[in-house]
Engineer: 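Please see the structure below; I have some questions.
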Amino acid sequence: MSLTPMQHFINRDLAVLWHPCTQMKDHEALVPLIPIRRGEGVWLEDYAGRRYLDAISSWWVNLFGHANPHINAAIKQQLDQLEHVMLAGYSHEPALLLAEKLVALTPPGLNRCFYADNGSSGIEVALKMSFHYWHNTGQPRKTKFLTLEQGYHGETLGALALGSVALYKDTYGPLLMQAITAPSPDCSLLTREPGETCDSHARRQFDALEILLARHADELCAVILEPLVQCASGMRMHPPAYLRWLRDACDRHNVHLIADEIAVGFGRTGTLFACEQAAISPDFICLSKGLTGGYLPLCAVLTHEHIYQAFYDDYQKLTAFLHSHSYTGNPLACRAALATLEIFETNAVLENNRLLAQRMADSTAHLQDHPHVAEVRQTGMILAIEMVKDKAARLPYPWQERRGLQVYNYALSQGALLRPLGNVVYFMPPYVITPEQIDWLAAIATAGITQATQ
Ligand SMILES: Cc1ncc(COP(=O)(O)O)c(C=O)c1O
C-alpha cells in the first residue's frame, strides 16, 4: 500500500529528527506530528491540505501573520544585498537602523543595543553584562541573581538557572548556578488568599522579595523578571504596580533590574513594551520573538549609557565585553525586524489590538462559569483559561493526567493550533486574526475544555 505524502514525510522525519520540548515516544500514538507545507496569515497548512489557525503565534513569535508580504519583500531585498557579515569590526545598515529604532522606542535611557541570536542567548548577555559591570566598577562580590518563582528565561544553562519551571529545570539542577528565588507576584485565583485583591497579593509577595533583596544586596548583580506576564509557567499575571515597587527597590539596594520582554514585548500586553505600563526603565531589556515578526532568530539587549561606559577603556585594562555569537546582528534578521517595526508605524496596531483583546474577553467570558475553569485571565493580547479539577477547593488536575493535551488534540481535529501549558489553555494569536476567528477559537476552546474535563 502506498503512503500518503503526509505519512511518508512523518516516517522520514521520525527516522532522523529529534524535536524540541517533546517526548518523542508521544508521536507513536498520543500526539500527531504535523508536517507543515506552508503558511499564510494566521493559517498553517499541512501536507494533506488541512489548515490550522495558529492561535499561539508559533511559540509567541509571529505578529503579523505567516508569509507576510511586507516582511517577505524586505528580506528578499536584503538577501540580494548582504546576507551576513560578522559584526566585530564591521557594520551594516540593518543593524544600525534597528539599533536606532529600538533606542527610540524602548523606555527612556536604554540607548545602547547589543545583539544576540535568540532569547536564551540574549539572557546570557544581560546576566554577563550585569555581572561584568559590577566587576569593572570595583564590586566583585556581586555575583548572584535574584529571580521569581514561576519565571522562565530560556534553556541555556545560565537562563535555565534563573527559571523556575520544574519540568525544564530539575533534571539539570546539578549543572546550574544557584539563584536566589523570591515568591511570584502571580495574581491568579489559585494563588491569592480568599478575599485578597490582586494588588494586595502582589504587595505581599513584593514585601517578601524586598526582604531577600535587602539581605543579599551586597552579593546581588540583578533581579530578573518577565514584566506583567510570566508566560511559560502558565500565563501568570501581575499588576504594573509590582514593577514600580521593584524598580524603586532595585535602586535603593543598588541592584540592576533586567526586564525579560522576550515574550511580552511588541504589543502582547497592550503597550509596545510591558514596562511602559509602570512607566519604568529597567537597566537591561531583552527583546526577541516578535522582534523579527516571527521570521528569524534575533535578540536585542538594550542598556544604559553609564553601564556601557563602565566597559569603555584602554584595551590593556581588559574591561571590554567580549561576548560574541557568529551570527550577531545578522542583516536578514535585522531587516525582518525593521519591516516588522514599519508595520507598527504605518498601522494602528495597538489600537486595533484593543478591539481584538476585548473580543477575546467577550468570547470567553462564559467560561468563567464553567465548573472546571478556575478563571479566565487576560493582559492585552494574552488570554489564559485555567482548568481545575475542583473549582471550590481550588484543586488543580494532576499534571500526569495531561488534560491540556486533550484540548490540544481536540482543537487540532477542528483546525486550530491551541497548545496549552499544562492545564492552562491560552490564546496569544498573531495580530492579523479577525474578530470572527476569535469567536471561532473560543467555541473550539470551550468544546475542547468541556470534553477534556468530563
Ligand atoms: C520570557 C522568555 N525568556 C526567554 C525565552 C527564551 O527564548 P528562546 O526560546 O528564543 O531561547 C523565552 C522563550 O519562550 C521566554 O518566554
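When a ligand or atom number is given, it counts from 1 through the structure's own listing order.
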Engineer: Which heavy atom in A161 sits nearest to a heavy atom in L176, and how many Å separate them?
Structural biologist: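 A161 and L176 have their closest heavy atoms at CB-CB, 3.9 Å.
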Engineer: Looking at ligand 1, does K289 have a heavy atom less than 4.0 Å from it?
Structural biologist: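 Within the 4.0 Å threshold, so yes.
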Engineer: Mind checking whether W59 has a heavy atom under 4.0 Å from ligand 1?
Structural biologist: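 No; W59 lies far enough from ligand 1 that no heavy-atom distance drops under 4.0 Å.
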Engineer: Ring centres of F344 and F64 under 6.0 Å apart?
Structural biologist: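 Ring centres of F64 and F344 closer than 6.0 Å.
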Engineer: Among G122, S120, G265, which residue places a heavy atom closest to atom 11 (O) of ligand 1?
Structural biologist: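 The nearest heavy atom belongs to S120.
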Engineer: Using a strict cut-off of less than 4.0 Å between a Lys/Arg side-chain nitrogen and an Asp/Glu carboxylate oxygen, indicate whether R394 and E375 qualify as a salt bridge.
Structural biologist: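 Judged by the 4.0 Å cut-off on N to carboxylate O distance, R394 and E375 do not form a salt bridge.
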Engineer: Distance under 4.0 Å to a non-hydrogen atom of N118: what atoms of ligand 1 satisfy this?
Structural biologist: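 Taking each heavy atom of N118 in turn, ligand 1 has 10 (O), 11 (O) under 4.0 Å.
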Engineer: Any idea which atoms of ligand 1 are less than 4.0 Å away from a heavy-atom of W60?
Structural biologist: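 In order of numbering, the contacting atoms are 14 (O), 16 (O).
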Engineer: Any atoms of ligand 1 less than 4.0 Å from a non-hydrogen atom of D260? List them with their elements.
Structural biologist: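 In order of number, 1 (C), 2 (C), 3 (N), 4 (C).
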Engineer: Would you name the heavy atoms of I444 and Y410 that are closest together and state the gap between them?
Structural biologist: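 I444 and Y410 have their closest heavy atoms at O-CE2, 3.5 Å.
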Engineer: Indicate yes or no: does R252 engage D248 in a salt bridge with an N to O separation below 4.0 Å.
Structural biologist: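 So R252 pairs with D248 through a salt bridge.
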Engineer: Let's go through H19 and D13 carefully: what are the C-alpha distance in whole Å and the side-chain angles of both, what is the deciding distance for side chain to side chain donor-acceptor pair (under 3.5 Å) to 0.1 Å, and is it a yes or a no?
Structural biologist: CA-CA 10 Å; H19 290 265; D13 180 299; 2.7 Å; yes
Engineer: Under the salt bridge (Lys or Arg N to Asp or Glu O under 4.0 Å) test against E45, which residue among R51, R50, R37 passes?
Structural biologist: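 Running salt bridge (Lys or Arg N to Asp or Glu O under 4.0 Å) over R51, R50, R37 with E45 returns exactly one hit, R37.
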Engineer: Out of all atoms in ligand 1, which are within 4.0 Å of some heavy atom of E226? Include the element for each.
Structural biologist: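 In order of numbering, the contacting atoms are 1 (C).
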Engineer: What I want to know is whether G119 and ligand 1 share at least one N or O pair that is separated by under 3.5 angstrom.
Structural biologist: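 Yes; the residue has a nitrogen or oxygen that sits under 3.5 Å from a nitrogen or oxygen of the ligand.
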Engineer: Taking 4.0 angstrom as the limit and counting only heavy atoms of A263, give me the atoms of ligand 1 inside it, by number and element.
Structural biologist: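 Taking each heavy atom of A263 in turn, ligand 1 has 16 (O) under 4.0 Å.
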Engineer: To which protein heavy atom is atom 12 (C) of ligand 1 closest, and what is the distance rounded to 0.1 Å?
Structural biologist: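 Protein heavy atom with the smallest distance to atom 12 (C) of ligand 1: Y152 CE2, 3.5 Å.
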